[in-house]
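What follows is one structure encoded as structure tokens, with my remarks underneath.
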There are 2 protein chains.
Amino acid sequence: MTDQEILTILHCMDARVKKMDRNAYIFRAGESTEHMGLVLSGSVLVIQEDLWGHRNILAKVLPGDFFGESYAATPGSVLNVSVVANEDAEILMLNVNHLLTTCKNSCTHHNHLIRNLVSVLAGKVLQWDSKITHISKRSTREKILSYLSSESIRQGKLAFDIPYDRQQLADYLSVERSAMSAELSKLKKEGILDTQKNHFVLRGIPE
Amino acid sequence: MTDQEILTILHCMDARVKKMDRNAYIFRAGESTEHMGLVLSGSVLVIQEDLWGHRNILAKVLPGDFFGESYAATPGSVLNVSVVANEDAEILMLNVNHLLTTCKNSCTHHNHLIRNLVSVLAGKVLQWDSKITHISKRSTREKILSYLSSESIRQGKLAFDIPYDRQQLADYLSVERSAMSAELSKLKKEGILDTQKNHFVLRGIPE
DNA sequence: ACCCCTTTGTTGGAAAACAAACATACTTGT
DNA sequence: ACAAGTATGTTTGTTTTCCAACAAAGGGGT
């Protein structure tokens with residue numbers, strides 16, 4: 001596309017850049033929205049939290065990736081999650097309704113964009129599938145190994161970084177940080193993996 | 001749409017009806033597919049299972065609803081789930097690639113169908129969100145109550161049926177059937193709910 | 001009505017996670 | 001270099017789940 005076309009589309013979708021400070025809320029559970037977010041810089045967390053401090057991290061969204069598309073694309077839906085900036089971040093907010101309802105200008109690119117939206121949504125479902133795979137495991141150890149091995153496969157190496165610190169990983173896997181930490185130590189002692197900070201090396205089970 | 005138009009579209013998407021016996025597999029984890037399924041009659045379960053008999057039910061799909069769209073819409077993806085007939089069922093298989101790649105006949109309805117696909121996918125993400133909400137809860141009791149109250153809200157009544165039997169509910173919530181059964185008894189004794197078979201009545205917490 | 005088979009409820013010991021507290025790095029700012 | 005704050009690892013009771021086995025209830029077919 002030419003710059004002009006991109007500008008037209010951005011205007012079509014009512015695009016606006018928002019600068020968010022660390023820990024600022026972009027969406028709050030209970031609200032509804034027509035906009036989806038695209039992370040330009042920094043990162044955001046998609047979370048659920050209750051009044052007792054339990055925080056469930058559904059995903060960390062990095063630059064180039066979207067969030068909130070499903071709520072924006074479902075009229076009448078109410079956000080079941082909140083989105084907070086994990087660090088200072090720039091977010092491009094895009095109105096999905098403007099994309100889905102044929103616009104007056106009848107952008108020839110609308111259809112292409114909608115197909116892209118299909119890819120984004122399908123990818124999100126697959127991502128959710130794999131999160132469900134991990135947290136459905138019954139023990140902390142299995143959840144850890146399920147997550148790490150899928151990350152290892154996804155990144156195509158046995159040594160890789162994960163986007164979470166310990167507390168965040170525990171919140172992502174829905175387990176106690178302390179129990180997880182203990183389990184990681186065990187796995188180290190057994191030689192199944194090695195880790196320092198957010199860097200992991202899987203060794204596989206010795207025969 | 002006229003019958004003729006519908007027929008054209010069905011042909012476009014390589015539509016075929018499959019009759020499945022109870023317990024027959026429609027998709028197996030590890031396969032890939034260009035087709036999504038539409039349940040015409042009966043019902044199917046979207047599951048993950050391991051070699052030790054643990055079965056995680058991701059969803060029960062009833063007539064009028066789809067399954068497999070996300071894998072079909074993501075070229076190169078591999079099924080992370082299996083789909084089995086929960087009872088004798090008729091399934092309409094639709095080729096999503098034919099829908100996404102502009103067809104030679106250039107069906108004028110393609111765009112409309114793709115928008116519908118967006119809705120279906122967005123709805124699926126929301127459904128997954130709520131499943132994650134339930135199984136992220138730390139105790140069996142909380143998982144049960146999270147699921148039941150969301151079903152109650154969704155159906156708009158305090159008395160409602162759920163689509164699962166006890167074993168299936170346990171598999172959906174990723175807990176032990178026996179522990180769940182015990183917890184349900186407790187909740188009954190405490191007067192928080194009542195249940196017989198798959199019918200539930202929520203009473204709320206007595207003040 | 002009877003038997004068989006499936007579903008649901010109950011129990012008890014073993015194992016695991018939870019929660020809170022503390023110890024030990026590791027950062028960050030000054 | 002220091003101090004304060006944060007992140008990570010460790011430990012200890014307590015609570016809960018898991019698992020296996022059994023009991024009770026319900027359904028279907030003959």
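As a basis for the values below, the full set of heavy atoms in this structure was taken, side chains included, without hydrogen atoms, waters or symmetry mates. So you know, we letter chains A, B, ... as the sequences are listed, proteins then strands, and number each from 1.
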Assess, by modelled atom type and distance only, whether the side chains of A/Gln48 and B/Ser136 contain a donor and an acceptor separated by less than 3.5 Å. no

Side-chain H-bond candidate by donor/acceptor type, A/Ser82 with A/Arg55, under 3.5 Å: no

Got a second to check how far A/Leu202's CG is from A/Leu187's CG, nearest 0.5 Å? 9.5 Å

Going by the side-chain contact (heavy atoms from CB on, under 4.5 Å) test, name the single residue among B/Leu193, B/Asp194, B/Leu158 that passes it with B/Arg203. B/Asp194

Out of A/Thr101, A/Val118, A/Asn111, which one pairs with B/Arg115 under the side-chain contact (heavy atoms from CB on, under 4.5 Å) rule? A/Asn111

Whole-Å distance between [N] [atom2] and [X] [atom1]?
| X | N | atom1 | atom2 | value |
| --- | --- | --- | --- | --- |
| A/Gln196 | D/dA7 | CD | P | 19 Å |
| B/Met180 | C/dT7 | CE | C1' | 11 Å |
| B/Leu173 | D/dT16 | CG | P | 18 Å |
| A/Asn86 | D/dT6 | CG | P | 15 Å |
| A/Leu193 | D/dG9 | CG | P | 11 Å |
| B/Leu184 | C/dT11 | CG | P | 15 Å |
| B/Glu142 | D/dT15 | CD | P | 16 Å |
| B/Ile144 | C/dT8 | CD1 | P | 14 Å |

Ionic contact status for A/Glu90 with A/Lys19, cut-off 4.0 Å: yes

Looking at D/dT10, C/dG9, C/dT8, which one has an atom nearest to any side-chain atom of A/Ser185? D/dT10

Of the listed C/dG9, D/dG9, D/dT11, the closest approach to the A/Ala182 side chain comes from D/dT11

For the residue pair B/Phe27 and B/Phe67, does the interplanar ring angle fall in the parallel (under 30°), tilted (30 to 60°) or perpendicular (over 60°) class? perpendicular

Specify whether A/Tyr147 and A/Tyr164 have parallel, tilted or perpendicular ring planes, treating 30° as the upper limit for parallel and 60° as the lower limit for perpendicular. tilted

Reading nucleotides 24-30 of chain C 5' to 3', which nucleotides get B (base under 4.0 Å from a protein heavy atom), which S (sugar-phosphate only), which -? -------

Tell me, for nucleotides 13-22 of chain C in 5' to 3' order, what letter each nucleotide earns: B for a base near a protein heavy atom under 4.0 Å, S for only sugar-phosphate near one, - for neither? ----SSBB--

Do B/His98 and B/Cys12 pass the side-chain contact (heavy atoms from CB on, under 4.5 Å) test, and can you show the C-alpha distance, the side-chain angles, and the key distance before you say yes or no? CA-CA 7 Å; B/His98 289 198; B/Cys12 253; 5.7 Å; no

